[in-house]
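Working notes for the structure below.
Chain identifiers are assigned alphabetically (A, B, ...) following the order of the sequence lines, protein sequences preceding nucleic acid strands; residue numbering begins at 1 within each chain.
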Amino acid sequence: MRFLLDDERRAFARSLDGLLTAADTPAVARAWAAGDHAPGAAVWRRLADTGVFTLVAGEEYEGVGPLPVDVAVAFVELGRHAVPGPLVETAAAAALLTRLAERGVTAPAKRLLPSLVAGETRATLALPGTGPYVLDADAASLVLAVEAGQVRLAPGTVRVRASRDPPRRLAKPLPGGEVLASGPAVAGAARWALRWAALATAAQCLGVGAALLDRTVAYVKQRTQFGVPVGSFQAVKHRLADVLVGLEFARPLVFGAAVTLHEEGWGDVAAAKVAAAEAAYRSARAALQLHGAIGYSSAYDLSLWLLKARALRGAWGSVSHWRGLSLPPAPTGSRRPVSPGHPG
Amino acid sequence: MRFLLDDERRAFARSLDGLLTAADTPAVARAWAAGDHAPGAAVWRRLADTGVFTLVAGEEYEGVGPLPVDVAVAFVELGRHAVPGPLVETAAAAALLTRLAERGVTAPAKRLLPSLVAGETRATLALPGTGPYVLDADAASLVLAVEAGQVRLAPGTVRVRASRDPPRRLAKPLPGGEVLASGPAVAGAARWALRWAALATAAQCLGVGAALLDRTVAYVKQRTQFGVPVGSFQAVKHRLADVLVGLEFARPLVFGAAVTLHEEGWGDVAAAKVAAAEAAYRSARAALQLHGAIGYSSAYDLSLWLLKARALRGAWGSVSHWRGLSLPPAPTGSRRPVSPGHPG
Amino acid sequence: MDLDFTPWEEEFRLRARAWLAAHVPRSPLPSLETEEGFAAHRAWEGELAADRWSVVAWPEEYGGQGVDLVSWLLFEEEYYAAGAPARVSQNGISLLAPTLFDHGTAEQRARVLPPMARGEVVWAQAWSEPEAGSDLASLRATARPVAGGWRLSGQKTWSSRAAFADRAFGLFRSGPRAERPHQGLTYVMFPLDAEGVTIRPIGRLDGKPAFAEVFLDDVFVPDEDVIGAPGDGWRIAMSTARAERGLTLRSPGRFLATADRLVRLWHAYGDPADTALRDRVADAVIGARAYQLFTWAGASRIRAGGTLGAESSLNKVFWSEYDIAVHEAALDLLGAEGELTGAEAGAAAPGTEGQGVGDRDAKAQDRGDRGAEGQGAGDQGAKGQGAEGQGAEGQGAEGGCGDPSAWTEGYVFSLAGPIYAGTNEIQRDIVAERLLGLPRGRR
Amino acid sequence: MDLDFTPWEEEFRLRARAWLAAHVPRSPLPSLETEEGFAAHRAWEGELAADRWSVVAWPEEYGGQGVDLVSWLLFEEEYYAAGAPARVSQNGISLLAPTLFDHGTAEQRARVLPPMARGEVVWAQAWSEPEAGSDLASLRATARPVAGGWRLSGQKTWSSRAAFADRAFGLFRSGPRAERPHQGLTYVMFPLDAEGVTIRPIGRLDGKPAFAEVFLDDVFVPDEDVIGAPGDGWRIAMSTARAERGLTLRSPGRFLATADRLVRLWHAYGDPADTALRDRVADAVIGARAYQLFTWAGASRIRAGGTLGAESSLNKVFWSEYDIAVHEAALDLLGAEGELTGAEAGAAAPGTEGQGVGDRDAKAQDRGDRGAEGQGAGDQGAKGQGAEGQGAEGQGAEGGCGDPSAWTEGYVFSLAGPIYAGTNEIQRDIVAERLLGLPRGRR
C-alpha cells in the first residue's frame with residue numbers, strides 16, 4: 001500500500017503545470033470562447049508532446065495505457081489551468097475504442113485510435129444516459145454518438161449552442177452517419193468510456209477548485225478593508241478552511257477511483273465525481289464571495305474557473321445521478337415495504 | 001392589513017412568560033421526565049387559568065375559539081419555557097372534537113370538550129399518516145386514535161417508551177375501545193386537527209429556537225477564551241446571526257399560518273412547520289457548539305431545549321413530508337414525461 | 001393581526017394588474033445591457049409614467065400616485081407576476097429619490113424627480129472605488145470647492161447602469177479625513193456626459209456591461225447638485241430611508257414570481273419521485289412566502305409608526321442567499337439544459353448544419369430551445385438585470401418557465417446578491433452586533 | 001500509487017477477523033457508563049490483551065504485536081466491522097501512551113504500559129478546567145513541588161472515564177505564568193483513588209456519566225509520575241505523536257462500519273424513490289471512503305518518512321461533521337422511531353398494558369422494538385461510547401442496523417465531535433493559518 005504519487009508522476013504534473021503556465025491558458029480559453037481555436041490547438045500539440053493523449057489506449061494503438069492515475073494527474077493540471085477543449089471527451093473516446101477492440105471490434109480502433117493517441121485528432125462524444133449534448137463539436141473532427149446499441153460517426157451536429165462557461169459549446173449530434181460498431185460489445189464499451197469521462201472530469205474539478213482556492217487565498221492576503229487584510233477576518237478564514245477540507249477529502253477519492261478504475265462497480269468513480277464536483281463548486285462560491293465585485297467581472301480571469309466549476313458539476317450526469325451510483329446495490333430480498341417510522 | 005400582534009396578544013404572551021418563568025419550568029420538565037407529573041399538573045392548572053385551553057373550541061363548548069393566532073402566541077411561550085406534556089395534543093384533540101361537532105357528530109364534543117377546555121383533562125392522540133405514537137399517554141386521561149375512518153377512545157397503550165428528549169414519552173395506542181365517531185366527518189376532522197397540531201408545534205419550535213438563541217447569546221457574551229469574550233469572534237457572531245435570520249423568517253410564517261388556518265390548502269401551515277422546525281434545530285446545533293462542553297451536560301438546563309428541538313423537528317411528520325405538502329398541487333395535465341435535460 | 005387589504009387596496013391591485021396585462025410587452029425587450037435595449041427600457045419607463053405607474057408611491061406632483069408602502073408592495077407583486085421588464089431607472093428611484101425626499105431641497109426635487117419618473121434622465125449609482133468596497137471610509141475621489149460649485153476628480157467603479165445612463169450620484173471627499181473617517185464626504189449628483197468624464201464599461205460574469213468604471217478629471221458640478229451639507233454625505237447616504245430600504249431594495253413580488261416559475265418548471269419537467277429536488281422547490285416556495293410575510297410585518301410596523309433599522313440586514317442575508325438557492329435548484333432541475341445561455345455559439349462550426357435541420361429529437365429540442373428560438377439568434381434573449389436592478393425576468397406568458405437561458409442568466413445575476421449593497425459578511429456583523437448585542441471585536 | 005496490501009498484511013487482517021469473529025460478545029456489553037458495564041469493558045480489554053490484540057501497534061515487550069500504522073488501520077477496520085465493544089482504555093492507549101513513547105522514561109513505560117494494555121489500569125484524561133476549554137494557556141490547577149514529588153490542587157472537568165477509572169493524566173501549573181502563557185505547565189499522571197481526590201460525575205446530554213469533575217486537594221504525586229521536564233508539559237502534550245494523531249484519533253474503520261450500517265438500514269427500510277434521503281446515504285458512503293483513503297494517503301506519507309502536522313485539523317473538521325450528518329440521516333430515515341432511546345419510560349403509565357400485549361401492529365412493532373426487546377428493559381441497550389472513546393457501536397450480527405436506540409445514542413455522541421479535542425472553530429483557524437497561510441488576526 002503506497003497511496004501517494006511517485007516522483008515520476010509528480011514530475012509529470014510539474015511539467016504540465018509549467019507548460020500550461022507558459023501557454024497563458026486564460027488567454028487561450030478566451031480565444032476559444034470567441035471561436036478562435038488556433039491557440040487551443042497549439043496547446044493541444046504541446047500536450048501531445050508530453051504524452052497526455054497516450055495514457056488511455058494500450059500499446060497496440062501506440063498508447064502506453066491504460067494509466068488512469070496518470071490521467072488523473074494530467075486532468076488536475078488541465079483543470080487548474082482552465083484549458084479549453086474536448087479533452088475529457090477525447091480521453092473517453094479513446095477508452096471507448098480501446099474497449100471495443102478488446103471485445104473483438106477492432107476496426108474502429110485501428111482506424112481512429114492512432115491519431116487520437118498522437119494528439120492529431122480531437123474527438124467528442126455523447127454516451128447513453130448522460131445528456132444529449134456533445135462538447136465542442138465545432139472544434140472536433142470526430143463526433144461519436146453512442147446510443148441504441150450502436151456507435152455512430154455522427155455527420156455533424158445540430159447548431160452549436162453557448163454554455164454559461166464561455167469556452168464550452170454544446171450541440172446535439174445529427175442522426176445517421178456511419179455505424180462504427182454495434183452489438184453486445186457496445187454497452188460495455190460505453191460504460192468503460194463513461195468511467196474514464198467521470199474520472200477525468202473529477203480530476204479536472206479538483207484542479208479547478210484548487211486554482212480557485214489558490215487565487216482567493218492570494219487575493220484576501222493582499223486586499224485590505226477596514227485597515228486589515230480581508231484574509232484576517234475569521235469568517236473569511238473559516239470559509240476558506242472549509243473549502244480546503246472539501247478539496248483535500250475529494251483528492252484521495254479521485255486518485256482512489258483511478259487506482260480501482262478497472263474493478264467492478266461504480267462506487268469509487270461515483271464518489272470521486274460527486275465529491276470533486278461539489279468541492280470545486282463550493283470553492284467557486286467562496287472565491288466569488290471573497291473576491292467581491294472584482295470576481296464578478298468577466299475581464300478578471302477568475303471568471304474562467306468560476307463558471308467552469310458550475311458547468312463541470314453537471315457534466316456527464318448530475319451529482320444526484322452519481323450519488324445514486326455511489327451506493328452499493330441492495331442485496332436481493334432485503335427491502336421491506338415501509339420505513340419503520342411510518343405506520344405499517 | 002395589519003400583520004402585527006396587537007397589544008392584547010402581546011400582554012397575553014408577557015403574562016404567560018411571567019407565569020412560566022415563576023413556575024421554574026426546567027425543574028418541572030425534569031420532574032416530568034422522572035415520571036413525577038405533579039409539578040407539570042400544577043403548571044397545567046395555572047395555564048388553564050390564563051385561558052390557554054379555551055382557544056380552540058367555540059362558545060358551544062365553553063371555549064372562545066377558534067383563535068389560531070392566540071394559540072400561536074401561547075405555544076411560542078410554551079416552547080420558550082420547555083413546558084412538558086401533551087399540550088399540542090390536547091389542542092389538536094379539541095380541534096378534532098370541534099370539527100366533528102361542526103360536521104354533525106356532536107356527542108363526543110359534548111361529552112369530552114368541556115373538560116379539555118377547562119384544562120381538567122389532558123388528552124393525547126394519533127392521527128393518520130404522522131406516525132404510530134401518542135405523546136405522554138401516561139400523563140393523559142384521554143387517548144384518542146384516529147384511523148380507518150374512526151375516532152376511537154383507545155383503552156390504553158402498548159408500553160410507554162422513552163424519547164431522547166427525556167420529558168417526552170411515546171407509546172402506541174392499544175386497539176379496540178369505544179368508537180367515538182365514524183363516517184365521512186372523521187377524515188376532515190383529522191385534517192383539521194392536524195392543522196392545529198402543526199401550527200402549535202411550529203410555534204413551539206419557534207419558542208424553543210428563540211430560547212436557545214437567547215441563552216447562547218448571553219453565554220458567549222460572558223464566557224471568555226483567549227482573553228476576549230467568545231461572542232466577539234466573528235465565526236461565533238456569524239453563526240448566531242444566521243440562527244436569527246432563520247428564526248425571524250420562520251416567525252411570520254407561523255403567524256401567517258395562524259391567520260390563514262381556516263383557508264383551503266396545506267401551503268401556509270406546512271411552510272410554518274418546515275421553517276420553524278429547521279430554524280429551531282439550527283439554533284440547537286449552534287447553541288450546543290457555542291456553549292461547548294457545558295452545553296453537552298445534562299445537568300445544565302440548555303439540554304432541555306437542545307433535545308426538544310430535535311424531537312419536535314420530527315413530531316407530526318418529518319420535515320420532508322411537510323415540504324411535500326407545502327407545494328401547490330400540479331395543475332392537471334401539466335406534467336411532461338421527462339426533464340428537459342435528459343435525453344428524451 | 002390580519003392579512004386583509006382594504007377595498008381600495010384590492011381595487012388598486014386590480015387596476016395595476018389590468019394595466020400591466022394591457023401594456024407589458026409580449027416579447028421580452030432586448031437586453032438592458034445593450035444600447036438598443038437600454039433605449040427600449042427607457043421607453044418602457046415612459047410608458048409606465050404616462051399612466052403614473054412608474055413611481056406609484058411618490059407624490060402626485062412628481063408623477064406618482066401618492067400610495068403608501070403597502071400599495072407599493074401590491075404593485076410590485078403584480079409587476080413581477082406580469083413578467084414586466086426590468087426597471088432601468090431603479091438606481092434613481094430606489095436610491096437617489098429617497099435621499100432627495102429626505103435631504104434634498106424643493107428645487108432639487110422639482111428639477112430631478114419628474115424626468116427620473118419618466119425615464120428621461122436615467123441615473124447610475126457611483127458608490128464604490130477600487131480600494132473602497134465595503135469600506136466607504138476609505139473613499140478617495142475628491143470634490144474641490146470652486147466658484148459656484150465643485151470640481152470632481154478620481155475614479156468610481158462597479159457603477160451600475162453607467163455604460164448608458166445620463167447622470168450619476170455618489171460620495172466625494174471634500175475635506176481632510178477627520179477623526180471619524182466617514183466625515184468630510186459630500187453627496188454629489190453629476191453628469192456622465194460632461195467634459196472630463198470617461199466611462200469604461202465592465203463586463204459582469206457573463207460578459208454583459210452591467211457596470212462601468214467612471215473616471216473623473218476636474219469635472220465641474222454646480223452647487224445645486226450637492227445634496228445636503230457639504231461634508232455630511234456619509235450620514236445622508238446611510239440615513240436615507242433606512243426605515244424602508246430593507247423592505248424596498250428587493251420587493252417580495254420578485255421572489256414570489258421566481259418561486260412560481262420554479263413550481264411550474266417542476267410540475268412541467270420534474271420527476272415526482274425525486275424528493276431531493278422536490279424539497280428544494282418546496283424551500284423556494286416556503287422562502288418566498290416567508291419573505292412576503294416578513295415584509296408585510298415590516299410594513300405593518302412602519303404603518304404603526306415604527307422603524308426597521310438593522311433588521312434590513314436580516315433581510316439582505318435572507319433574500320440574497322434565497323435567490324441563489326432557487327436558481328441552483330432550477331439549474332439542477334433543467335439538467336444538461338441548465339448550462340445554456342440560449343444563444344448560438346459565435347463561430348460557425350465545421351460539420352454543423354443549420355438551425356433545427358435534421359434534428360432527430362424534435363420534441364426535446366422544442367422544449368430546450370424554445371427560449372432561443374423565440375428570441376432569435378445572438379444575445380437578444382438576455383433579460384436585462386443590472387446588478388442593482390430590480391427587473392423582472394421578462395417571463396410573461398410566452399417566456400415560460402422552461403426557458404433555460406432565463407434561469408442561467410438569473411443564476412449569474414443571483415451570485416452578485418451576497419456581494420453588493422453591503423456584503424453578507426458585513427450584514428452578519430451588523431445583525432450580531434446591533435440585533436444580538438454581541439461585542440464588536442476586530443472581526 | 002496503489003492500494004495493495006502485502007501478503008503479510010492481508011494475513012494479519014484475516015487473523016484479526018478470525019479472532020474477532022470468535023471473541024466479540026454476541027450481545028452488546030452493558031453501558032460503559034455504568035459500574036457494571038465499565039467492569040465488563042475492562043474484562044474485554046483483558047480478553048483482547050490475552051491474545052495481544054489490545055495494542056497491536058505497540059512493541060511486543062509492552063503487550064503489542066509491533067505492527068506498523070497500516071496494519072493498525074487494518075485491525076481497526078476489522079474491529080469496527082465486527083461490531084466489537086467500545087474501548088474503555090482508549091484515553092490511555094491513544095493519548096497517554098504515545099506521550100510515554102516519546103517523552104517518558106523506560107521505567108515509566110515498563111511500569112505504566114503493560115497494565116494499561118491489559119485493562120488492569122484504566123486511564124481518564126484530565127485536560128479541561130472550568131475556565132479553560134479551548135484555551136489551555138489559562139489552566140489554573142497547580143502542582144507544588146514538595147519533597148520527593150508534587151502536590152496537586154485545583155479542579156479538572158469534562159474528564160472522560162473519570163467516574164470509574166483508576167488513574168488520570170493532565171497538565172498542572174507548576175510555575176508562574178511566563179511570557180509565553182503556555183510555559184510553566186507540567187505533565188502529571190495521578191491516581192483517582194488517592195486522598196484529596198473527589199470525583200463528581202457529570203451526565204452528558206443523555207444523562208450518562210461519561211465525564212466527571214475531578215477536585216484535587218493537595219494530592220501527592222511522586223516525581224516518577226511526571227512526564228518530561230517540569231514546566232515543559234504543554235510542549236510535550238502538543239508535540240506527542242502529532243505525526244499520527246490526526247490519523248489515529250478516529251480510525252476510518254469506525255466510519256466505514258457506520259456507513260455500512262446506514263446502507264443496510266436504507267436497503268431495509270428506505271423508500272427507493274426518496275432521493276432526498278438516498279443522496280444523504282450516498283454522502284455517508286462517499287464520506288467514509290474519502291476518510292479511509294485520506295487516511296491511507298497520510299499513512300503512506302508517514303511510511304515514506306513524512307509528517308502530518310496541521311493536516312490533522314482538516315481531519316478533525318471532516319470526521320466530526322461527517323459523524324453528525326450520518327446520524328442525522330439515520331434518524332430521518334427511522335422517522336418516528338428515530339426519537340427512541342430503546343428504553344422503557346421510567347414510570348408505569350396508568351392505563352398502559354404490559355409489554356407487547358395486544359399490539360395491533362406486530363410487524364411494525366417487531367421492526368421498531370427489536371433493539372429494546374433484544375436487550376431487555378431499562379437502559380441496558382445503550383452502547384458505551386465515552387466522549388473520547390473509540391468504541392464500536394456494538395452492532396454485531398444481532399444488533400442489526402435497524403435498532404433505533406443505537407442510532408439515537410450515536411447521534412447524541414456525535415454531537416460532541418465538533419466540540420472536544422479542539423473545537424472545530426479552533427481547527428478552522430489552524431487550517432486557515434497554517435495550511436493556507438492566512439494572517440492570524442485577533443480571530
Side-chain angles (χ1 to χ4, degrees), chain A residues 1-6 9 69 213 217 220-221 228-229 231-234 236-246 248-253 255-256 258-260 267-268 270-272 274-275 278 319-320 322-331 334-336 338-344, chain D residues 1-6 9 70 263-264 266-272 275 278-279 281-283 285-287 289-291 293-294 296-297 299-301 303-304 311 314 317-318 333-338 361 363-364 367-368 402 404 425 427-429 431-433 435-441 443:
Chain A
M1 198 284 299
R2 186 188 156 87
F3 191 55
L4 268 185
L5 289 178
D6 56 30
R9 261 90 165 226
V69 172
L213 178 60
V217 166
V220 300
K221 280 183 189 171
V228 294
S232 67
F233 290 109
Q234 198 186 31
V236 172
K237 289 158 80 165
H238 283 200
R239 184 151 186 188
L240 292 175
D242 282 335
V243 169
L244 186 66
V245 169
E248 288 303 311
F249 280 86
R251 183 182 305 280
L253 286 174
F255 287 99
V259 168
T260 66
D268 273 359
V274 170
E278 296 286 27
V319 283
S320 184
W322 286 100
R323 280 197 169 90
L325 288 176
S326 78
L327 277 177
S334 73
R335 191 174 291 278
R336 301 193 185 197
V338 293
S339 154
H342 298 149
Chain D
M1 180 169 234
D2 67 76
L3 290 162
D4 305 327
F5 299 96
T6 65
E9 285 163 348
V70 169
V263 168
R264 283 188 284 129
W266 167 251
H267 283 152
Y269 300 116
D271 171 2
T275 51
R278 186 208 62 184
D279 281 0
V281 176
D283 280 339
V285 171
I286 293 168
R289 180 67 166 158
Y291 191 64
L293 292 173
F294 183 92
W296 290 128
S300 299
R301 207 145 58 227
R303 260 194 181 173
E311 287 171 46
L314 289 174
V317 171
F318 183 86
L333 184 44
L334 285 163
E337 310 286 326
D361 185 2
K363 194 163 141 234
R367 286 200 304 277
E425 286 77 17
Q427 304 294 356
R428 288 191 176 92
D429 283 345
V431 168
E433 290 164 13
L435 296 177
L436 296 177
L438 293 172
R440 288 204 57 146
R443 291 205 176 85

- Message: Less than 4.5 Å to any heavy atom of chain A: does that hold for the side chain of Arg303(D), its backbone, both, or neither?
- Response: side chain

- Item | Among the listed options Leu240(A), Leu325(A), Val236(A), the residue most often paired with chain D at heavy-atom distances under 4.5 Å | Leu240(A)

- Distance (rounded to the nearest 0.5 Å) between Met1(D) CE and Met1(A) CE: 10.5 Å

- Minimum-distance pair of heavy atoms, taken over all atoms of Arg428(D) and His238(A): CB-CD2, 3.5 Å

- Query: With chain D, which of Gly256(A), Ala250(A), Gly246(A), Gly324(A) has the greatest number of heavy-atom pairs at distances under 4.5 Å?
  - Reply: Gly324(A)

- Query: What option among Gly287(D), Ala297(D), Gly338(D), Ala304(D) has the most heavy-atom pairs under 4.5 Å with chain A?
  - Reply: Ala297(D)

- Note on the structure: Cut-off 4.5 Å, heavy atoms of chain D, and the answer for Val274(A) is side chain

- Message: Does any backbone or side-chain atom of Pro229(A) lie under 4.5 Å from a heavy atom of chain D? Answer side chain, backbone, both or neither.
- Response: side chain

- Message: I'd like to know whether Glu433(D) forms a side-chain contact (heavy atoms from CB on, under 4.5 Å) with Lys237(A), so could you lay out the CA-CA distance, the side-chain angles of the two residues, the decisive distance to 0.1 Å, and finally the verdict.
- Response: CA-CA 8 Å; Glu433(D) 290 164 13; Lys237(A) 289 158 80 165; 2.7 Å; yes

- Sort out for me which of Pro439(D), Gly437(D), Ala432(D) touches chain A most, counting heavy-atom pairs under 4.5 Å. Pro439(D)

- Which atoms of Arg9(A) come close to chain D, meaning under 4.5 Å heavy atom to heavy atom: side chain ones, backbone ones, both, or neither? side chain

- Item | Option that, when pairs with chain A are counted at under 4.5 Å, heavy atom only, ranks first among Leu314(D), Asp2(D), Val431(D) | Asp2(D)

- Task: Heavy atoms only, distances under 4.5 angstrom: which of Asp6(A), Val259(A), Val69(A) has the most pairs with chain D? Name it, please.
- Result: Val259(A)

- Which of Leu435(D), Val285(D), Asp4(D), Val317(D) touches chain A most, by non-hydrogen pairs under 4.5 Å: Asp4(D)

- Message: At a heavy-atom distance under 4.5 Å, which candidate from Leu213(A), Val220(A), Asp242(A), Leu5(A) has the highest pair count against chain D?
- Response: Asp242(A)

- Task: Give the minimum heavy-atom separation between Phe294(D) and Glu248(A), together with the two atoms involved.
- Result: CD1-O, 3.5 Å

- Message: side-chain contact (heavy atoms from CB on, under 4.5 Å) for Leu3(D) and Arg2(A)? Distances and angles first, verdict last.
- Response: CA-CA 6 Å; Leu3(D) 290 162; Arg2(A) 186 188 156 87; over 6 Å; no

- Task: Would you confirm whether Arg323(A), through its side chain, and Ile286(D), through its main-chain N or O, come within 3.5 Å as a donor-acceptor pair?
- Result: no

- Message: Does any backbone or side-chain atom of Leu327(A) lie under 4.5 Å from a heavy atom of chain D? Answer side chain, backbone, both or neither.
- Response: side chain

- With sequence neighbours excluded, what pairs up with Asp279(D) under the salt bridge (Lys or Arg N to Asp or Glu O under 4.0 Å) test? none

- Message: Which atoms of Val319(A) are under 4.5 Å from chain D, going by heavy atoms: the side chain, the backbone, both sets, or neither?
- Response: neither

- Considering all heavy atoms, the nearest Pro252(A)-Ala290(D) contact: CG-O, 4.1 Å

